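What follows is one structure encoded as structure tokens, with my remarks underneath.
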Amino acid sequence: MSKFYITTPLYYVNASPHIGHAYTNVICDCLARFRRIQGDSVFFLTGTDEHGEKIKRAADAENTSVENFVNSKVSVFKNLWNKLDISYDFFIRTTDNFHKETVGKAIKILFDKGDIYKAKYRGFYCMPCESFWTEAQVKEADGCPLCKRGVEEIVEDNYFFKLSKYESWLKSYLKEKPDLIRPRIRYNEVMGFLDNNVLEDLCISRPKKRVSWGIDFPADSNFVVYVWFDALLNYISAVGFDRDEGRFNSLWPADIQLIGKDIIRHHAIFWPIMLKALGLEPPRIIFAHGWWKIGEDKISKSKGNIVNPLELIEEFGVSALRYFLLREVPVGMDGNFSYKTIINRINSDLANDLGNLVYRVLNMAQKYFSGRIDAGNVNIPDSFNSSLHELSKEYAAYMNEVDFASALDAIWKFIGVMNKFVEEVKPWILWKEAKTDELKWFLFSLLEGIRITSIYIYPFMPRVSESILEQLGLVPEKDIGLENVLWRKRTFVIKKGNPLFPRIDVD
RNA sequence: CGCGGGGUGGAGCAGUCAGGUAGCUCGUCAGGCUCAUAACCUGAAGGCCGGCCGUUCAAAUCGGCCCCCCGCAACCA
């Protein structure tokens with residue numbers, strides 16, 4: 001049994017969660033659940049990033065205090081994770097006191113070490129947009145990139161973190177660890193960036209007169225900490241950095257940190273350097289997933305905003321949504337989201353293949369044996385044997401590589417084998433000819449095959465897994481575990497339910 | 001010449017590193033079956049693998065040139 005520390009990004013609470021937020025956490029949940037049924041000791045962290053002027057402004061816009069605003073947003077996120085069956089172990093908020101203390105402490109450490117210094121910061125400010133821009137951005141847009149109006153050059157004092165000091169270290173470290181940043185395309189992107197740029201030191205403070213909502217900069221109350229610097233540190237503050245050494249040492253480094261591809265630079269460049277400067281190890285893996293592009297089919301237009309994950313759960317159910325997100329596109333690539341694609345997935349994979357298999361088998365078990373089937377003396381069908389053998393080999397390998405699409409594909413191959421088995425054996429004929437032993441062997445094989453399948457499915461669709469096991473007359477808590485995917489003689493006393501996934505008819 | 005990814009049957013992808021019958025899912029068409037959610041099973045049609053040139057007995061796969069699409073190009077939380 002090994003430890004497994006997995007993190008999601010901290011979500012910025014200036015707006016409501018969308019499909020992308022849901023996606024990241026579903027990926028992490030799937031990995032976390034996989035490790036748990038493998039017997040690992042999992043610590044799964046998610047949370048919210050709550051500082052910065054944008055949040056202050058969002059609160060002002062709603063005419064409420066910042067505290068009230070972030071509290072209400074946090075409950076929106078927590079509610080979504082609840083509805084999505086996200087099994088996180090801890091929810092960190094950057095407004096948590098312990099976190100704020102850790103951030104202050106980290107800055108002090110870096111300051112004492114000489115890695116933080118005060119200097120003039122030069123930038124361009126757009127008054128109407130209240131946004132800061134770099135010289136390059138202003139030059140390219142010929143003004144404010146947002147509103148195209150003129151910008152004002154501002155020079156002010158700020159604190160800087162010496163990224164530059166660690167540039168060569170980072171380069172050689174990443175060269176030695178080509179698997180740290182995944183998928184490969186992201187690694188190449190980061191390496192290309194490092195090869196073509198000289199790292200500038202990172203401005204990690206904001207003057208309070210401009211940004212009032214943030215963590216106080218240690219020993220200088222005129223400033224708050226730049227939100228990114230604050231937020232990244234959550235990954236170590238949550239597990240006890242500088243607070244609980246034993247706990248921290250048992251969990252850090254994180255085994256995998258999931259992020260969206262848009263925040264690769266912060267996690268692949270700033271973050272490892274911050275850790276190095278603090279004398280800590282970088283995470284083992286930083287995995288960047290792709291984006292869902294919202295398709296424009298007719299149905300989505302008439303239904304309005306389909307990117308709201310709560311509405312999607314309402315409409316398709318949490319299991320189907322999770323399945324779709326994890327199966328449709330390999331993690332790392334971009335995907336297209338539309339009603340048509342999700343309905344196709346649900347109908348073909350979930351309703352036709354899996355749902356119908358479970359239903360038809362349980363139906364026969366009920367009809368032919370009143371729901372009670374024991375193993376008899378006959379062994380596992382050949383086709384099951386080879387298929388399950390292959391599946392057990394591939395499954396863990398794919399899951400460990402975060403290749404969910406392939407893992408599901410491997411599971412579905414076995415589901416195909418079971419559906420084919422029904423056609424080959426022709427139980428309706430065995431029934432007419434009263435070949436009870438053969439029929440029993442046939443049904444036992446399928447029930448046992450379905451039981452094993454339900455365990456493999458668990459990380460993706462925990463509820464479906466549990467529902468199947470209950471219908472098989474088993475106790476999910478006892479049976480879900482990768483040690484139980486072996487073929488065993490037993491007696492099933494089934495409790496047939498409704499179809500797991502009703503087909504969705506499109507007009 | 002900024003860096004990187006990609007262009008494969010109607011759609012989405014695999015195969016390209018280690019050249020040698022172009023594979024998968026969905027869709028389409030035909031058939032089979034009836035335990036089942038018009039589900040399941042079988043079979044078929046459909047591709048000169050972006051273009052041109054080259055290497056080779058042989059190229060989607062190697063080399064060169066060109067065309068097109070998409071990311072990144074730092075403080076955006």
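In this text the structure is predicted, and so the values were computed from the model without any measurement. Throughout, protein chains are lettered first and strands after them, A, B, ... in sequence-line order, and every chain is numbered starting at 1.
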Side-chain donor-acceptor pairs under 3.5 Å in residues 351-358 of chain A, sequence neighbours left out?
residue : atom : partner : partner atom : Å
N352(A) : OD1  : R503(A) : NH1          : 2.9
N352(A) : ND2  : N347(A) : O            : 3.3

In whole Å, measure the gap between the [atom1] atoms of [N] and [M] for me.
{"N": "A18(B)", "M": "C62(B)", "atom1": "C1'", "value": "12 Å"}
{"N": "U25(B)", "M": "G43(B)", "atom1": "P", "value": "12 Å"}
{"N": "G5(B)", "M": "G63(B)", "atom1": "P", "value": "13 Å"}
{"N": "G12(B)", "M": "C53(B)", "atom1": "P", "value": "28 Å"}
{"N": "C48(B)", "M": "A22(B)", "atom1": "P", "value": "13 Å"}
{"N": "U37(B)", "M": "G4(B)", "atom1": "C1'", "value": "46 Å"}
{"N": "G7(B)", "M": "G47(B)", "atom1": "C1'", "value": "14 Å"}
{"N": "G20(B)", "M": "G2(B)", "atom1": "P", "value": "35 Å"}

Classify [X] by what it touches in the nucleic acid, base, sugar-phosphate, or nothing, heavy-atom distance under 4.0 Å.
{"X": "Y11(A)", "result": "nothing"}
{"X": "P499(A)", "result": "base"}
{"X": "V358(A)", "result": "nothing"}
{"X": "L500(A)", "result": "base"}
{"X": "E200(A)", "result": "base"}
{"X": "D201(A)", "result": "base"}
{"X": "L10(A)", "result": "base"}
{"X": "H266(A)", "result": "base"}
{"X": "I55(A)", "result": "nothing"}
{"X": "D49(A)", "result": "base"}
{"X": "G355(A)", "result": "base"}
{"X": "R327(A)", "result": "nothing"}
{"X": "L199(A)", "result": "base"}

Between H99(A) and S237(A), do the side chains contain an N or O donor and an N or O acceptor separated by less than 3.5 Å?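 Their side chains do contain a donor-acceptor pair, which is all the 3.5 Å distance test asks for.
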
Between the side chains of Y226(A) and N158(A), does any donor sit under 3.5 Å from an acceptor?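 There is no such pair between these side chains.
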
Whole angstrom value for the distance that separates [atom2] of [N] from [atom1] of [X]:
{"X": "N419(A)", "N": "C40(B)", "atom1": "CG", "atom2": "C1'", "result": "6 Å"}
{"X": "R184(A)", "N": "C3(B)", "atom1": "CZ", "atom2": "P", "result": "19 Å"}
{"X": "M191(A)", "N": "G5(B)", "atom1": "CE", "atom2": "C1'", "result": "17 Å"}
{"X": "R57(A)", "N": "C76(B)", "atom1": "CZ", "atom2": "C1'", "result": "12 Å"}
{"X": "W412(A)", "N": "C40(B)", "atom1": "CH2", "atom2": "P", "result": "13 Å"}
{"X": "K120(A)", "N": "C75(B)", "atom1": "NZ", "atom2": "C1'", "result": "20 Å"}
{"X": "L447(A)", "N": "C35(B)", "atom1": "CG", "atom2": "P", "result": "18 Å"}

How far apart are the C-alpha atoms of S16(A) and K73(A), what are their side-chain angles, what is the distance that settles it, and do they pass the side chain to side chain contact (heavy atoms under 4.5 Å, CB included) test? CA-CA 7 Å; S16(A) 293; K73(A) 285 293 178 190; 3.4 Å; yes

Would one find a side-chain N or O of R503(A) under 4.0 angstrom from OP1 or OP2 of A39(B)?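 The answer is yes; a side-chain N or O of R503(A) sits under 4.0 Å from OP1 or OP2.
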
So, does N356(A) get its side chain near the phosphate of C40(B), meaning an N or O under 4.0 Å from OP1 or OP2?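 Checking N356(A) against C40(B): no side-chain N or O falls below 4.0 Å of OP1 or OP2.
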
Taking only residues two or more places apart in sequence or in another chain, which ones pass salt bridge (Lys or Arg N to Asp or Glu O under 4.0 Å) with [X]?
{"X": "D216(A)", "result": "K208(A)"}
{"X": "K78(A)", "result": "none"}
{"X": "R463(A)", "result": "D85(A)"}
{"X": "K165(A)", "result": "D115(A)"}

Identify, with sequence neighbours excluded, every residue that meets ring-ring contact (aromatic ring centres under 6.0 Å, His included) alongside F161(A).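 For F161(A) the ring-ring contact (aromatic ring centres under 6.0 Å, His included) partners, ignoring immediate neighbours, are F229(A).
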
According to ring-ring contact (aromatic ring centres under 6.0 Å, His included), who are the partners of Y359(A), at least two apart in sequence or on a separate chain?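 Per chain and number, Y359(A) pairs via ring-ring contact (aromatic ring centres under 6.0 Å, His included) with no residue.
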
is_close_aromatic(Y88(A), F91(A)), centroid dist under 6.0 Å: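 So the answer is yes for these two rings.
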
With side chains defined as the heavy atoms from C-beta onward, is the minimum distance between I92(A) and Y235(A) less than 4.5 Å?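 Not touching, per the 4.5 Å side-chain cut-off.
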
Side chains of Q471(A) and I494(A): does their closest heavy-atom pair fall under 4.5 Å?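 When only atoms from C-beta onward are counted, I494(A) and Q471(A) do not touch, as no gap falls below 4.5 Å.
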
So which nucleotide from [options] ends up closest to the side chain of [X]?
{"X": "R186(A)", "options": "U37(B), C35(B), G71(B)", "value": "G71(B)"}
{"X": "K367(A)", "options": "U37(B), C35(B), C41(B)", "value": "C35(B)"}
{"X": "Y359(A)", "options": "C75(B), A14(B), U37(B)", "value": "U37(B)"}
{"X": "R345(A)", "options": "U25(B), U37(B), C76(B)", "value": "U25(B)"}
{"X": "R265(A)", "options": "A73(B), U25(B), C75(B)", "value": "A73(B)"}
{"X": "K261(A)", "options": "C35(B), G5(B), G71(B)", "value": "G71(B)"}

Show me the donor-acceptor pairs within less than 3.5 Å that the side chains of residues 400-408 of chain A make with the rest of the protein, sequence neighbours left out.
residue : atom : partner : partner atom : Å
N400(A) : OD1  : R35(A)  : NH1          : 3.2
N400(A) : ND2  : A396(A) : O            : 3.0
E401(A) : OE1  : R182(A) : NH1          : 3.4
D403(A) : OD1  : S406(A) : N            : 3.2
D403(A) : OD1  : S406(A) : OG           : 3.0
D403(A) : OD2  : S406(A) : OG           : 2.8

Report the secondary structure of RNA chain B in dot-bracket form, marking unpaired bases with a dot and bases paired to a different strand with |, and treating Watson-Crick or G-U pairs with both distances under 3.5 Å as paired. .(((((((.[[[[.)....(..]]]].(((((.......))))).....[[[[[..)....]]]]])))))).....

Distances under 3.5 Å only, N/O to N/O: pair up the protein atoms with those of nucleotides 26-34 of chain B.
residue : atom : partner : partner atom : Å
U34(B)  : OP1  : W428(A) : NE1          : 3.4

Partner set under side-chain hydrogen bond (donor to acceptor under 3.5 Å, both in side chains) for T95(A), not counting sequence neighbours: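 Expected list: E50(A).
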
Quick check on contacts: within residues 226-234 of chain A, what sits under 4.0 Å from RNA chain B by heavy-atom distance?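 By residue number: Y226(A), V227(A), W228(A).
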
